[in-house]
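Take a look at the structure below.
Counting begins at 1 with the first residue of the sequence.
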Amino acid sequence: MKRAGDQISFCSFALALSFSLALPLTLCFLGSCVPVDQLPPSAVAGLAISSGTATATAFPDLEPGNTSITSTHFTLKGYSQTDLETLKQMAETIYSKIGNDTGLYSFLASGNYVLVAYRDRDEYMKKTHQPAWSHAVTAGKGIYFYFPDPDLEPILTHQMVHLIFDSYLGDKAASFKWLEEGLAMNEELSKMQDSDRMSYAASKTSQLRSNVMPFSQMTFFATNSEEKRRTDSWYQQVESVVTYLLSQGSALGFAQMLSELRSGLAIDQALSDAYSAKFRSLNDLEAAWKYTI
């Protein structure tokens with residue numbers, strides 16, 4: 001099920017209902033639900049990776065003649081030493097900012113990831129088989145993209161949040177897509193050009209004034225594609241919620257919440273422990289956030 005204009009998908013509900021009731025698994029594809037075994041393989045594969053995070057653990061390597069460099073937290077592969085030096089500085093700056101914003105200093109200190117810069121868009125599309133709108137994709141402990149790309153910095157920032165969030169929370173990350181995408185959008189927004197940031201802010205203000213989703217739905221549903229994340233109302237709402245949450249305490253408080261989610265505690269308990277003076281539950285967060293929009 002989708003709602004016109006915001007691409008909210010019913011996939012999460014279909015999955016949960018199928019597992020809980022032992023019904024045949026169905027996915028919502030292009031607005032209608034059909035059993036997975038009736039979808040063509042290409043369609044199923046597309047759904048698996050359309051969010052910007054692939055189910056594959058790695059994609060094909062670069063062509064002969066490539067080179068690589070290492071930095072404190074990354075192994076970077078590409079075709080130009082000069083390009084890789086530029087990317088190294090960009091990546092480490094982004095990585096440091098995410099650590100400062102989330103308070104995950106200790107965890108990130110020992111992190112080591114791979115960044116693969118394909119020669120151009122053609123090689124990227126050929127090697128990764130991503131949708132036509134895609135610029136970068138996370139797989140395993142790496143991010144794959146093409147360079148040069150004028151919009152790379154905000155996109156790489158978004159993907160790096162996926163890399164870090166999934167690495168930190170492991171299999172529990174899937175239960176908190178709203179939190180992951182909200183943080184990814186918050187960080188991406190900080191790297192957008194001023195004109196893009198202004199357009200996003202205007203669109204978000206308009207959407208939130210007329211189309212607020214209850215948290216009971218927001219935390220359960222997820223869009224089936226990141227293509228229109230800068231205009232999609234679900235993405236805009238989760239970004240707004242996470243941005244608000246980040247402003248309500250120190251980075252260490254946010255890190256405590258993530259740590260408790262990682263240990264298996266429920267979101268209400270994690271919020272109550274990390275923001276004891278402000279929220280006792282997700283309902284409290286929802287009520288407080290609504291006053292800001």
Side-chain angles (χ1 to χ4, degrees), residues 3-8 50-53 78 82-83 85-102 115 117-122 124-125 128 130-138 143-165 177-213 218 222-247 289 292-293:
R3 296 192 310 180
D6 62 10
Q7 291 190 328
I8 295 299
S50 61
S51 67
T53 304
T82 301
D83 287 349
E85 290 293 340
T86 299
L87 290 169
K88 179 177 75 172
Q89 181 62 41
M90 180 190 299
E92 289 291 350
T93 299
I94 292 169
Y95 193 81
S96 177
K97 182 179 184 304
I98 294 173
N100 289 333
D101 292 346
T102 62
L115 301 180
Y118 290 115
R119 188 187 307 277
D120 51 32
R121 183 168 180 78
D122 288 342
Y124 171 77
M125 298 301 293
T128 67
Q130 290 301 290
W133 53 264
S134 176
H135 291 245
V137 62
T138 300
I143 302 176
Y144 298 76
F145 53 93
Y146 59 94
F147 190 78
D149 178 358
D151 202 29
L152 178 63
E153 188 171 18
I155 293 171
L156 184 61
T157 302
H158 188 112
Q159 293 301 320
M160 201 171 292
V161 171
H162 287 317
L163 198 66
I164 292 169
F165 195 94
K177 298 307 293 184
W178 68 273
L179 186 57
E180 178 176 355
E181 292 295 352
L183 180 60
M185 287 303 301
N186 170 276
E187 295 291 346
E188 177 179 353
L189 186 61
S190 72
K191 297 296 184 179
M192 287 184 194
Q193 295 182 7
D194 289 343
S195 58
D196 291 338
R197 192 180 303 114
M198 290 176 62
S199 295
Y200 174 87
S203 174
K204 181 176 72 171
T205 299
S206 176
Q207 293 267 34
L208 291 180
R209 284 176 177 172
S210 60
N211 194 25
V212 173
M213 179 180 291
M218 181 197 76
T223 58
N224 60 11
S225 171
E226 289 190 344
E227 178 181 8
K228 297 181 179 180
R229 65 190 180 280
R230 294 183 183 180
T231 57
D232 181 281
S233 64
W234 182 82
Y235 273 100
Q236 291 172 340
Q237 179 165 328
V238 295
E239 176 272 310
S240 177
V241 171
V242 172
T243 298
Y244 172 73
L245 186 58
L246 287 167
S247 73
W289 168 76
T292 70
I293 61 174

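For Gln237, there are no side-chain hydrogen bond (donor to acceptor under 3.5 Å, both in side chains) partners, not counting sequence neighbours. Partners of Tyr124 according to the ring-ring contact (aromatic ring centres under 6.0 Å, His included) rule, which considers only residues two or more places apart in sequence or in another chain, are Tyr146. Taking the side-chain hydrogen bond (donor to acceptor under 3.5 Å, both in side chains) definition, one finds that Thr243 meets it with Asn186, Glu239, sequence neighbours left out. Applying the side-chain hydrogen bond (donor to acceptor under 3.5 Å, both in side chains) test to Arg119 and every residue at least two apart in sequence or in another chain returns nothing. In this view, Glu92 satisfies the salt bridge (Lys or Arg N to Asp or Glu O under 4.0 Å) rule with no residue, not counting sequence neighbours. Contacts of Tyr95 classified as ring-ring contact (aromatic ring centres under 6.0 Å, His included), with partners at least two apart in sequence or in another chain: His73, Phe74. Every salt bridge (Lys or Arg N to Asp or Glu O under 4.0 Å) that Asp194 has, sequence neighbours left out, goes to Arg197. Applying the ring-ring contact (aromatic ring centres under 6.0 Å, His included) test to Tyr118 and every residue at least two apart in sequence or in another chain returns nothing. For Asp83, the salt bridge (Lys or Arg N to Asp or Glu O under 4.0 Å) test picks out no residue, with sequence neighbours left out. With sequence neighbours excluded, the residues that form a side-chain hydrogen bond (donor to acceptor under 3.5 Å, both in side chains) with Thr93 are Gln89. By the salt bridge (Lys or Arg N to Asp or Glu O under 4.0 Å) test, Asp101 pairs with Lys97, sequence neighbours left out. For Ser199, there are no side chain to side chain contact (heavy atoms under 4.5 Å, CB included) partners two or more places apart in sequence or in a different chain.
Pairing each heavy atom of Leu208 with each of Val212, the nearest pair is O-CG2, 2.8 Å. Listed here is the closest heavy atom pair of Ser240 and Trp289: OG-NE1, 2.9 Å. Pairing each heavy atom of Pro154 with each of Met192, the nearest pair is CB-N, 4.2 Å. Closest approach of Thr231 and Gln236 over heavy atoms only: CA-NE2, 3.5 Å. Shortest non-hydrogen contact noted between Trp234 and Met218 is NE1-O, 3.0 Å.
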